[in-house]
Each structure stands twice: as C-alpha cells, then as structure tokens.
There are 2 protein chains.
Amino acid sequence: MNVRTLCLAILFAGEATGYEIKKLSTEGEYAYFVDASFGSIYPALDRLEREGFVTCRKEDEPGKPSRKVYAITDAGRAHFVDSLFDLPAPDVFRSEFLLVVMHADILPKPVMRRAIDHRIEQIEADIAKLRQIAQGNHKGGPQWAIDYGLDCMEHALGYLHAHRDELENCSDLGTASDPSQPGTSRHAARIAAE
Amino acid sequence: MNVRTLCLAILFAGEATGYEIKKLSTEGEYAYFVDASFGSIYPALDRLEREGFVTCRKEDEPGKPSRKVYAITDAGRAHFVDSLFDLPAPDVFRSEFLLVVMHADILPKPVMRRAIDHRIEQIEADIAKLRQIAQGNHKGGPQWAIDYGLDCMEHALGYLHAHRDELENCSDLGTASDPSQPGTSRHAARIAAE
DNA sequence: GTTAGCATGTAAACAGTTACATGATTGT
DNA sequence: ACAATCATGTAACTGTTTACATGCTAAC
C-alpha cells in the first residue's frame with residue numbers, strides 16, 4: 001500500500017495534519033500499513049488536495065507553529081471505500097532476523113544470542129505498543145485487528161522463548177571467531193566489545 | 001533488506017544465475033527477505049561483480065540459452081558474514097487485509113467474507129509452499145526458520161478460522177450497498193457481478 | 001542552555017518496478 | 001499454433017528516503 005492510501009485511510013477516520021499522519025503511521029494504529037516519512041506525506045497530501053480528495057484548512061494559533069489540518073471530501077471517501085472492495089494484496093512479512101537465523105550454524109553463539117534477545121525485545125515492544133492502543137475503547141473491525149495482532153505476536157514470542165535453545169545450539173563451535181573462515185577479522189573485535 | 005544483500009545471501013549458499021535468484025526470491029526459500037524483479041537483480045549482480053564480491057562464468061550449452069553463472073568470492077563471503085553480525089533490522093509486517101478488517105463495520109458482509117476467504121487461501125498457499133521447501137532435508141538454522149514460519153502461519157490460519165464469524169458480524173447492516181453513504185454507486189455493481 | 005517536541009516543506013539521490021526487446025526450447 | 005519456461009538485459013518512470021532549511025515552545 002502506498003502513502004496516498006494511508007493518508008486517505010487516516011483522514012477517513014478523522015481530520016489530521018501531516019505531522020499527525022506521520023506519527024500514526026510510525027507509532028500508532030496505522031503502523032501495520034506503511035511507515036511513511038515527511039518527504040512522502042507532504043507531497044501526497046498536496047496531490048490529494050489538487051485531485052479533490054481532501055481539503056485543507058490552515059490553523060494559526062498564536063504561540064504555536066501554524067498547522068494545516070486536512071479533511072477528507074465525499075469524493076475522497078468514495079475513492080477510499082471503493083478501494084476496500086478490491087481483493088486485498090497479499091500480506092507482506094520480511095525478516096532480517098530470519099536471515100541471521102538461517103546462518104546460525106556459522107555464527108558464533110554470542111552473536112546468535114544477541115540477535116535473539118534483540119528480536120524478543122522488539123516483539124515485546126510491539127506488543128506493549130499494541131496493548132496501549134487497545135486501551136482506547138475500540139469495537140468491531142478495529143478491535144478484531146488489535147486482537148489478531150496481539151494473538152499472533154504473543155504466539156511468535158512464545159515460540160522464540162520455547163525454542164531459542166535449539167537455535168543457540170546450532171552454533172557451538174567457536175565462541176568468538178573461527179579463523180578458518182575468511183573475513184572474520186572484525187568479528188572477534190565486535191564480540192569482545194560487548 | 002536490499003537486492004544486493006539478497007544476491008549475496010543466495011550466492012553464499014551456492015552458485016546461481018540471475019534467473020535462479022529471481023525464482024528463489026519470489027517462490028523459494030528466500031521469499032522471507034525480498035521479492036526482487038529482473039530489473040533490480042541484473043544491475044545488482046553487475047555492480048557486485050565490479051566491486052569484486054562475485055565472479056561470473058558464462059555457460060554456453062548448445063540448444064540452450066546462454067547463462068551467466070555467478071559465484072561469491074572470499075571478499076563477498078566476508079562482506080556478507082560481516083553484515084550478519086549487525087543487529088538485524090526489525091521485522092516488517094504489512095497487511096492490506098487488516099486495513100479492510102479495520103473497516104469491516106462499513107463494508108457489506110459479502111465483501112468481508114470474500115476478503116477473509118481470499119486471505120485464508122493465501123495463507124494456505126504459503127503454508128503449502130513452505131511445506132514443500134521443508135521436504136528437502138534441512139538442518140540447524142534453516143530448519144529452525146522453516147519450523148518457525150510454519151508455526152506462525154498455522155497459528156494465524158487457526159485464528160482466522162476461529163474468529164471469522166465475529167468479523168463477519170460486524171457488518172450486517174446492508175448486504176449489498178448502503179445508499180446513505182456517498183460513493184457507493186459502483187459497489188452494488190461489483191457485488192452483483194459475483 | 002540544550003534537548004525534545006511541534007510543524008512544514010524541498011531537492012537530490014536512490015531503489016525498485018514496469019514495460020519493452022530478444023530469442024531458443026519444450027510441451028499441449 | 002500457442003503457451004510456458006528458460007534466459008538476459010535496458011530505459012523510463014515512480015515512489016520513497018535522506019538530508020537540509022526554518023522556527024517556535026516547553027521542559028529539564
């Protein structure tokens with residue numbers, strides 16, 4: 001999904017500024033969709049306004065930076081709802097962690113351990129964030145999405161906890177570095193630095 | 001992760017042509033990482049060769065299209081393994097399906113049902129693909145990655161089956177279209193067409 | 001006095017997709 | 001005859017990121 005649709009989705013739920021859209025897409029309830037930067041959001045809102053899908057109202061409160069509050073139009077609403085009727089594109093799951101996992105056999109144990117710990121912390125942070133979002137009283141679709149997300153994340157976290165030993169035991173040859181492999185010069189130093 | 005790293009990861013496991021890398025990244029064992037097109041793979045291999053991370057051998061078998069078989073160099077191996085020592089970037093999960101779910105309340109039941117059916121089919125296809133990959137005898141890291149992937153997907157599938165009714169019951173107002181909302185003109189036609 | 005948060009925007013650079021061009025072989 | 005698979009490559013385009021520029025307020 002692109003930034004355009006993200007903007008429409010957020011504005012469909014209520015008015016917002018570019019700044020707020022950024023926050024919602026990176027930290028808030030819309031983080032499942034796109035992780036947009038200012039450099040893509042502001043131009044997208046400009047274009048949506050030119051196309052008549054959103055309107056813009058400038059707010060100048062003294063003592064505060066002026067802000068441009070965007071609102072969706074009837075045409076925008078129609079366009080967005082219409083796109084929901086299309087069959088959704090397949091879910092995307094990308095994991096650099098799994099790339100590391102696939103090479104557990106050639107990585108020193110401490111490196112693998114650190115990667116697992118890091119991944120666990122990330123999932124825990126994601127769960128905490130979702131739980132916080134869940135505080136607001138949602139219902140119907142939004143509530144279902146939250147429950148689904150929490151359930152999947154908790155399951156993945158449980159799996160990691162239950163099976164991390166197996167993963168760590170793939171790599172018990174060298175605790176620091178294996179000099180028989182090329183390019184390991186920097187590795188020992190990195191591990192030593194911890 | 002970018003196409004460059006994908007190429008190195010695949011070549012780390014063995015020689016391959018650009019064509020084979022494409023297949024592995026879209027259908028095979030590396031689909032967790034990047035979904036690359038020819039337009040990105042061929043230039044990436046060119047650049048990796050110029051930089052000395054891979055070498056290229058041209059194979060001309062009569063009666064077959066000539067192919068360029070790439071192999072990783074020691075420098076490439078070192079570069080790749082080194083990158084595995086970095087803390088992996090957070091996993092990415094993006095779901096258009098969940099965007100539809102979040103608007104279940106305003107979507108007609110048949111649309112929601114179709115979206116759920118479609119999502120279930122996708123997960124089932126992904127599971128089937130992973131099971132097929134699992135046929136090859138993997139061990140250690142790669143085996144762990146497969147088991148993890150299967151477990152997470154099966155869990156998500158189970159959740160969908162167990163909770164799809166709740167989701168469908170969010171939208172029981174209009175079975176086809178709701179004329180009180182703007183922009184629903186095309187919707188009725190779409191539903192009717194099924 | 002310095003960091004963090006609020007707030008908008010632009011330009012250059014980069015990554016990647018899409019569409020096109022080419023052509024042989026194998027299977028239906 | 002037609003489609004699919006194998007196989008490489010380029011050019012134009014699009015979308016997005018990064019870095020920069022600006023400036024005010026509130027908290028520490």
Side-chain angles (χ1 to χ4, degrees), chain A residues 1-11 15-28 30-31 33-51 54-71 83 89-90 92 94 96, chain B residues 1-11 15-28 30-31 33-51 54-71 83 89-90 92 94 96:
Chain A
M1 207 192 26
N2 53 18
V3 176
R4 260 173 79 76
T5 313
L6 169 80
C7 291
L8 284 180
I10 290 176
L11 295 176
E15 294 187 340
T17 66
Y19 190 84
E20 287 163 352
I21 290 174
K22 167 79 198 291
K23 286 199 76 179
L24 282 165
S25 84
T26 49
E27 302 162 36
Y30 290 83
F33 310 119
V34 229
D35 195 347
S37 63
F38 290 126
S40 58
I41 290 172
Y42 288 122
L45 287 171
D46 274 359
R47 202 181 131 194
L48 286 169
E49 195 188 1
R50 283 200 308 277
E51 292 170 335
V54 305
T55 53
C56 175
R57 160 170 55 86
K58 212 168 177 182
E59 270 186 9
D60 278 295
E61 274 181 87
K64 277 188 182 171
S66 71
R67 35 192 266 135
K68 289 166 80 174
V69 182
Y70 289 89
S83 72
V92 171
R94 293 286 135 81
E96 263 185 38
Chain B
M1 208 193 23
N2 53 18
V3 176
R4 262 172 78 77
T5 313
L6 169 79
C7 291
L8 284 180
I10 289 176
L11 296 176
E15 295 186 340
T17 64
Y19 190 84
E20 287 162 351
I21 289 174
K22 167 77 198 289
K23 283 199 78 179
L24 283 166
S25 84
T26 48
E27 301 162 38
Y30 290 83
F33 310 119
V34 229
D35 194 347
S37 63
F38 290 125
S40 58
I41 290 172
Y42 289 121
L45 287 171
D46 274 359
R47 199 181 133 194
L48 285 168
E49 195 188 1
R50 284 201 307 278
E51 292 171 334
V54 305
T55 53
C56 175
R57 160 172 55 85
K58 212 169 177 180
E59 269 186 8
D60 279 294
E61 274 182 88
K64 278 187 183 172
S66 71
R67 34 193 266 136
K68 289 167 82 174
V69 181
Y70 289 89
S83 73
V92 171
R94 293 285 136 80
E96 266 188 35

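Labels below follow one simple rule: chain letters A, B, ... track the order of the sequence lines, proteins then strands, and each chain is numbered from 1.
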### Query
Any side-chain N or O of Ser40(A) under 4.0 Å from OP1/OP2 of dG15(D)?
no

### Task
Nearest whole angstrom, please: distance from the C1' of dT16(D) to the CG of Asp35(A).
11 Å

### Message
What contact category does Lys22(A) fall into here, base, sugar-phosphate, or nothing, at under 4.0 angstrom with non-hydrogen atoms?
### Response
nothing

### Query
Is the distance from OP1 or OP2 of dA7(D) to the nearest side-chain N or O of Thr17(B) less than 4.0 Å?
no

### Message
With a 4.0 Å limit, can you tell me whether Lys58(B) has a side-chain N or O closer than that to the phosphate oxygens OP1/OP2 of dT8(D)?
### Response
no

### Task
Starting from P on dT8(C), measure out to CD on Glu49(A) and report it in whole angstrom.
13 Å

### Message
Between C1' on dG15(D) and CZ on Phe33(A), what's the gap in Å once rounded to a whole number?
### Response
20 Å

### Query
Is any side-chain heavy atom of Ser25(A) closer than 4.5 Å to a side-chain heavy atom of Val34(A)?
no

### Task
Provide, to the nearest angstrom, the distance between the CG atom belonging to Leu24(B) and the P atom belonging to dC6(D).
12 Å

### Message
Taking any heavy-atom pair under 4.0 Å as a contact, classify Gly18(A): base, sugar-phosphate, or nothing.
### Response
sugar-phosphate

### Summary
Here the distance between atom C1' of dA7(D) and atom CG of Asp60(B), to the nearest Å, is 11 Å

### Task
Evaluate the side-chain proximity of Arg94(B) to Met1(A): yes if any heavy-atom separation is below 4.5 Å, no if none is.
no

### Task
Using whole Å, report how far CG of Leu45(B) lies from P of dG16(C).
13 Å

### Message
Counting the atoms with a prime plus P, OP1 and OP2 as sugar-phosphate, which does Lys23(A) contact under 4.0 Å by heavy atoms, base, sugar-phosphate, or nothing?
### Response
sugar-phosphate

### Task
Identify the heavy atoms of Tyr70(B) and Cys56(B) that sit nearest to each other, and give their distance.
CE2-CB, 3.7 Å

### Task
Calculate the interatomic distance between Arg47(A) atom CZ and dG9(C) atom C1'; express it in whole Å.
18 Å

### Task
Output yes when at least one side-chain N/O atom of Ser37(A) is less than 4.0 Å from OP1 or OP2 of dT16(D), else no.
no

### Message
So that I can tick it off, tell me whether Glu49(A) and Lys68(A) are bridged by a salt bridge, with the cut-off set at under 4.0 angstrom between side-chain N and carboxylate O.
### Response
no

### Query
Any side-chain N or O of Tyr42(A) under 4.0 Å from OP1/OP2 of dG9(C)?
no

### Task
Could you please name the option among dT16(D), dG15(D), dA7(D) that lies closest to any side-chain atom of Arg67(B)?
dA7(D)

### Integer-rounded Å distance: dG16(C) P and Ile41(B) CD1
11 Å

### Val54(A) side chain reached by Cys7(A) side chain, heavy atoms, under 4.5 Å
no

